[in-house]
Participant: 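After the structure tokens below, expect a handful of questions from me.
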Amino acid sequence: MNKLNRYLPDQKFLILLNRFILRYDESDCNKEKIVKDAYLFCVGYFLKYQQDYQNPYLKGPSNIIAVLSSALLSPNFYTIPSTVSLERVLYFYKFIIEYIIWNEHEVEKIFCNLKLGLTQNSSLGNKAWEKKAKLTN
């Protein structure tokens with residue numbers, strides 16, 4: 001991951017998503033599983049690293065479409081070295097978008113559940129740090 005620190009957030013997102021998809025390709029997973037799990041990856045990455053970019057006028061899954069599309073349309077996309085191939089992301093992009101559009105309720109539920117889980121984990125982490133701080137004082 002240290003090698004990725006030199007990239008901008010949208011570049012890093014695309015590179016990691018591509019690696020994710022390539023691992024699934026190597027495992028001979030079917031396209032449907034790759035698309036669903038790639039969506040989960042996108043949601044997790046968005047909630048953890050890019051939530052500041054959330055558009056309040058869009059539903060949760062629509063933010064994933066916006067972030068993925070803007071990363072691919074960004075001028076930064078063209079500054080990624082040619083040694084980093086993003087062809088699998090480009091291939092699966094349309095399938096991820098179709099999955100989000102045609103499964104509106106399912107993807108909204110997934111987005112909300114992951115967001116709730118992340119919120120609960122961070123609050124549990126904060127409580128653990130507070131408890132640890134009390135014990136050390």
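In this chain, residues are counted from 1 in sequence order.
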Participant: Within the distance-only criterion (no hydrogens, no angle test), does the side chain of Gln11 pair as donor or acceptor with the backbone N or O of Asn76 below 3.5 angstrom?
Facilitator: yes
Participant: Same cluster or not: are Phe13 and Leu72 linked, directly or through other Ile, Leu, Val, Met, Phe, Trp or Tyr residues, by side-chain heavy atoms under 4.5 angstrom apart?
Facilitator: yes
Participant: Quick test of your reading of the model: are Glu98 and Lys94 salt-bridged, counting only N-O distances below 4.0 Å?
Facilitator: no
Participant: Is it true that Leu17 and Leu4 fall in one hydrophobic cluster, defined by side-chain heavy atoms closer than 4.5 Å?
Facilitator: yes
Participant: Going from CD1 on Ile21 to NZ on Lys31, what distance comes out if it is rounded to the nearest 0.5 angstrom?
Facilitator: 12.5 Å
Participant: Any chance you could measure Ile100, atom CD1, to Lys59, atom NZ, to the nearest 0.5 Å?
Facilitator: 13.0 Å
Participant: How long is the gap from CG on Asp10 to CD1 on Ile80, to the nearest 0.5 Å?
Facilitator: 7.5 Å
Participant: Side chains of Leu14 and Asn18, heavy atoms from C-beta outward: is any pair under 4.5 Å?
Facilitator: no
Participant: So, for Phe20 and Tyr24, is the gap between ring centers shorter than 6.0 Å?
Facilitator: yes
Participant: How many angstroms lie between CG in Leu116 and CZ in Phe111, if you round to the nearest 0.5 Å?
Facilitator: 12.0 Å
Participant: What verdict does the side-chain contact (heavy atoms from CB on, under 4.5 Å) test give for Arg88 and Arg19, after you've listed the backbone C-alpha separation in whole Å, the side-chain angles of each residue and the deciding distance to 0.1 Å?
Facilitator: CA-CA 9 Å; Arg88 298 312 288 162; Arg19 286 182 186 173; over 6 Å; no
Participant: Evaluate side-chain contact (heavy atoms from CB on, under 4.5 Å) for Thr79 paired with Tyr7, printing each intermediate quantity in order.
Facilitator: CA-CA 9 Å; Thr79 61; Tyr7 295 107; over 6 Å; no
Participant: Give the C-alpha distance, both sets of side-chain angles, the deciding distance and a yes or no for side-chain contact (heavy atoms from CB on, under 4.5 Å) between Tyr45 and Lys12.
Facilitator: CA-CA 10 Å; Tyr45 189 90; Lys12 194 182 303 187; 3.9 Å; yes
Participant: Hey, are the side chains of Tyr91 and Leu86 touching, using non-hydrogen atoms and a 4.5 Å cut-off?
Facilitator: no
Participant: Consider only side-chain heavy atoms of I, L, V, M, F, W and Y, link residues closer than 4.5 Å, and tell whether Val89 and Val84 are in one cluster.
Facilitator: yes
Participant: Using the ring of each side chain (for Trp, its six-membered ring), is Tyr99 parallel, tilted or perpendicular to Tyr39, with breaks at 30° and 60°?
Facilitator: perpendicular
Participant: Check for a donor-acceptor pair, side chain of Ser62 on one end and backbone N or O of Leu58 on the other, with a separation under 3.5 Å.
Facilitator: no
Participant: Report the C-alpha distance between Ile101 and Val107 in whole Å, list the side-chain angles of each, state the deciding distance to 0.1 Å, and finish with yes or no for side-chain contact (heavy atoms from CB on, under 4.5 Å).
Facilitator: CA-CA 9 Å; Ile101 291 170; Val107 295; over 6 Å; no
Participant: Taking side chain as C-beta onward, heavy atoms only, is Glu108 less than 4.5 Å from Asn103?
Facilitator: no
Participant: For residues Glu104 and Pro61, determine if any side-chain heavy atom of one lies less than 4.5 Å from a side-chain heavy atom of the other.
Facilitator: no
Participant: In Å and rounded to the nearest 0.5 Å, what is the CD1 to NZ distance from Ile110 to Lys36?
Facilitator: 7.5 Å
Participant: Grouping I, L, V, M, F, W and Y whenever their side-chain heavy atoms are under 4.5 Å apart, do Phe77 and Leu8 come out in a common cluster?
Facilitator: no
Participant: Kindly compute the distance separating CG (Leu114) from SG (Cys42), expressed to the nearest 0.5 Å.
Facilitator: 11.5 Å
